[in-house]
Amino acid sequence: MIWTSSLETGIGKIDEQHKELFRQIDILMDRSKDDRVNDTIKFLGEYVVKHFTDEQGMHLASKYPKAADHKKMHTDFVAAYNRMKQEYTQATDSNKLPVVLKINKTVMDWLKNHILIHDKEFAAYYKASGK
Ligand SMILES: [Fe+2]
C-alpha cells in the first residue's frame, strides 16, 4: 500500500504510526501464503489498538470536542477487525487466503478514509490549539 503525502496530518507521532500501519499491511500481503501470516494479523491488531490509544490520549489532552465520536469509530473498527481475525482463525486452510485479502482491503480502505477525513480534522484542531 503506497503512502502518499496527502495522508500526512502534520503531527509527527501520528504520521509515523500511520506509516507503520501501512507497512504492516504490506507485510500481511507478502506473507499471505506463508505461516507468518498468523503473527502478522495478531501484530497488526495489537498495533492498531496501541495507535488508537495514543491518538485518543492526544484527543483528551487537547480537549478535542469530537473525542468521543472519534473514539467510537476506533472501537467499532477494532470490533470489526477482531471479527475478521476470528473468521481467519476458524477458516480451513484453503479458505484462509480470501479472508487475508478481505482483512487487507478492509484495513486499507478504512484507514485511508479515516486518516483523510477524521485524523486530518483532529490535526487541524490540534495545530490551531497551539499544543
Ligand atoms: Fe483516528
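Indexing begins at 1, ligand by ligand and atom by atom, following the structure's order.
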(request) Name all residues meeting the side-chain hydrogen bond (donor to acceptor under 3.5 Å, both in side chains) criterion together with K13; count only those two or more places apart in sequence or in a different chain, and write none if there are none. (result) none
(request) Could you give me a count of protein N/O/S atoms that are under 2.8 Å from the Fe ion (ligand 1)? (result) 5
(message) Nearest 0.5 Å, please: how far is CG in D26 from CG in N104?
(response) 8.0 Å
(message) Just by distance, no angles: are the side chains of E55 and H18 close enough, under 3.5 Å, to form a donor-acceptor pair?
(response) yes
(request) Mind telling me whether H59 and H74 have parallel, tilted or perpendicular rings, with 30° and 60° as the class edges? (result) parallel
(message) Using the side chain to side chain contact (heavy atoms under 4.5 Å, CB included) definition, which of the options Q17, R23, K42 pairs with Y47?
(response) Q17
(message) For the residue pair K71 and F52, would you count it as a cation-pi contact if the rule is NZ or CZ under 6.0 angstrom from the ring centre and within 45 degrees of the ring axis?
(response) no
